[in-house]
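Everything on this sheet refers to the single structure shown next.
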Number of protein chains: 2
Amino acid sequence: MRADAQRNQERILDAAEEVFTRRGASASTEEVARLAGVAIGTVFRHFPTKDDLLAAILKRLLARLAEDAATLGGADGLHVFFRRLVGQAAAKRTVVDLAGVSVPAAVGQLGEAVGGLLRQAQAAGTVRSDVHPPEVMALLVSVCQGALQGGWDAKLQERTLAVIFAGLAA
Amino acid sequence: MRADAQRNQERILDAAEEVFTRRGASASTEEVARLAGVAIGTVFRHFPTKDDLLAAILKRLLARLAEDAATLGGADGLHVFFRRLVGQAAAKRTVVDLAGVSVPAAVGQLGEAVGGLLRQAQAAGTVRSDVHPPEVMALLVSVCQGALQGGWDAKLQERTLAVIFAGLAA
DNA sequence: TACGATAATGAGTAGAGACTCATTTTTCCA
DNA sequence: TGGAAAAATGAGTCTCTACTCATTATCGTA
């Protein structure tokens, strides 16, 4: 891949994340191009379809989360991850507003990372042993969407997570 | 209001709920008109803007929930309400996907109804007394969005709610 | 540096969907 | 029942945006 192509692809991804994170998935591709400083045709050369672009940034977002989760661990790694996710979602309007996009592989990776955190928390006795990965993922998605929707302030984040943590506690 | 006008307004609301609940808020106004069996102009006579239509059905949905909540009560009324909401959200794609619509009054009513349920549950000793209405609403919204997004099956609904109920328990 | 291959450009196309309005139909009261 | 007000109709307008493609610019190699 030529150097300018690679540079532009990264610029486009960054711009797309910024734009879709702010204005939602219905923002126009032209706005992405403008922010990236490239022509509209360039965006479509790299991502033939708007959905391809959405899928690409969603994949990157999920991969970043999985990576983040992988650096955590220990007795309260899961709790830290919950807090980070909610904090981010409350601040931004993350792009997890469907649009029909799906990225199975990236979701799988994140799932495994979260599974790892859960196992460690259970081993440390911080979390009940009859809790399974699927409901933990479900809670993460829920609380992420909720914070996103409602723009929770710090106090509300803390109190809501307190209930969930109490529910997970041994 | 003339009889035909009232009849059509109700038909339009029903059709809109059906269509937007199924295909999401980006479904076209024409599809609503078609399902309602009226011309497109009639829809715009009753609801001058698509957002007005969305706001109207959101308001009706919230009012219905508030009414539902008001009929519940006792030690586990709150739990029943949680279960119903999640069950509905998992089945349908409820219209709470923003679209910039807001209906403060309807939200207020629902909030009061939920507040009542919380008070009763706390009086009965089913729920901890240091839990406040805002985080209960936040959990409801979260879990509703989560179920909506993920299409939870019955087992996942049960397990996820079990964690939350444990967190709320005295 | 020259040149072929790769990429960028941006005006243009096409289609979808929100909204309008002159005309026709329906309601309902005197 | 007659007729005026209210409502319904639906073809048409207008804007917005995803996507194309002939042309121009840039890159990397020999």
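Protein chains get the first letters and strands the later ones, always in sequence-line order, with residue 1 at the start of each.
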Practice item. Would you mind telling me which residue lines up with the more 5' stretch of DNA chain C, T42(A) or A3(B), judged by nearest nucleotide? Key: T42(A)
Check your understanding: Does any residue of residues 7-15 of chain A have a heavy atom under 4.0 Å from DNA chain C, and if so, which ones, in number order?
Key -> N8(A)
Review point. How many angstroms lie between CG in L117(A) and CD in E112(A), if you round to the nearest 0.5 Å?
Key: 12.0 Å
Point to revise | CG-CZ distance between L72(B) and R84(B), expressed to the nearest 0.5 angstrom | key: 5.0 Å
Do the side chains of [X] and [Y] get close enough for a salt bridge, i.e. N-O under 4.0 angstrom?
X: E17(A); Y: R64(A); result: yes
X: E31(B); Y: R23(B); result: yes
X: D14(A); Y: R60(A); result: yes
X: D153(B); Y: K155(B); result: no

From the options [options], select the nucleotide whose nearest atom is closest to the side chain of [X].
X: K50(B); options: dG10(D), dA8(D), dA18(C); answer: dA18(C)
X: V38(A); options: dT9(C), dA18(D), dT9(D); answer: dT9(C)
X: R45(B); options: dG10(C), dA8(D), dG28(D); answer: dA8(D)

Practice item. Return the angle between end axes of the helix from dT1(C)-dA30(D) to dA30(C)-dT1(D), with five pairs used per end and rounding to 10°. Key: 10°
Practice item. Answer yes or no: does a side-chain N or O of H46(A) lie under 4.0 Å from OP1 or OP2 of dA8(C)? Key: yes
Exercise for review: Would you sort out whether R159(B) and D130(A) count as a salt bridge (Lys or Arg N to Asp or Glu O under 4.0 Å), showing the intermediate values?
Suggested key: CA-CA 10 Å; R159(B) 285 192 168 161; D130(A) 63 340; over 6 Å; no
Check your understanding: Over how many whole Å does the gap from Q6(A) atom CD to dC27(D) atom P extend?
Key -> 14 Å
Check your understanding: Can a donor-acceptor pair under 3.5 Å be found between the side-chain atoms of R2(B) and the base atoms of dA7(D)?
Key -> no
Review point. Can any side-chain N or O of T49(B) pair as donor or acceptor with the backbone N or O of D52(B) at less than 3.5 Å?
Key: no
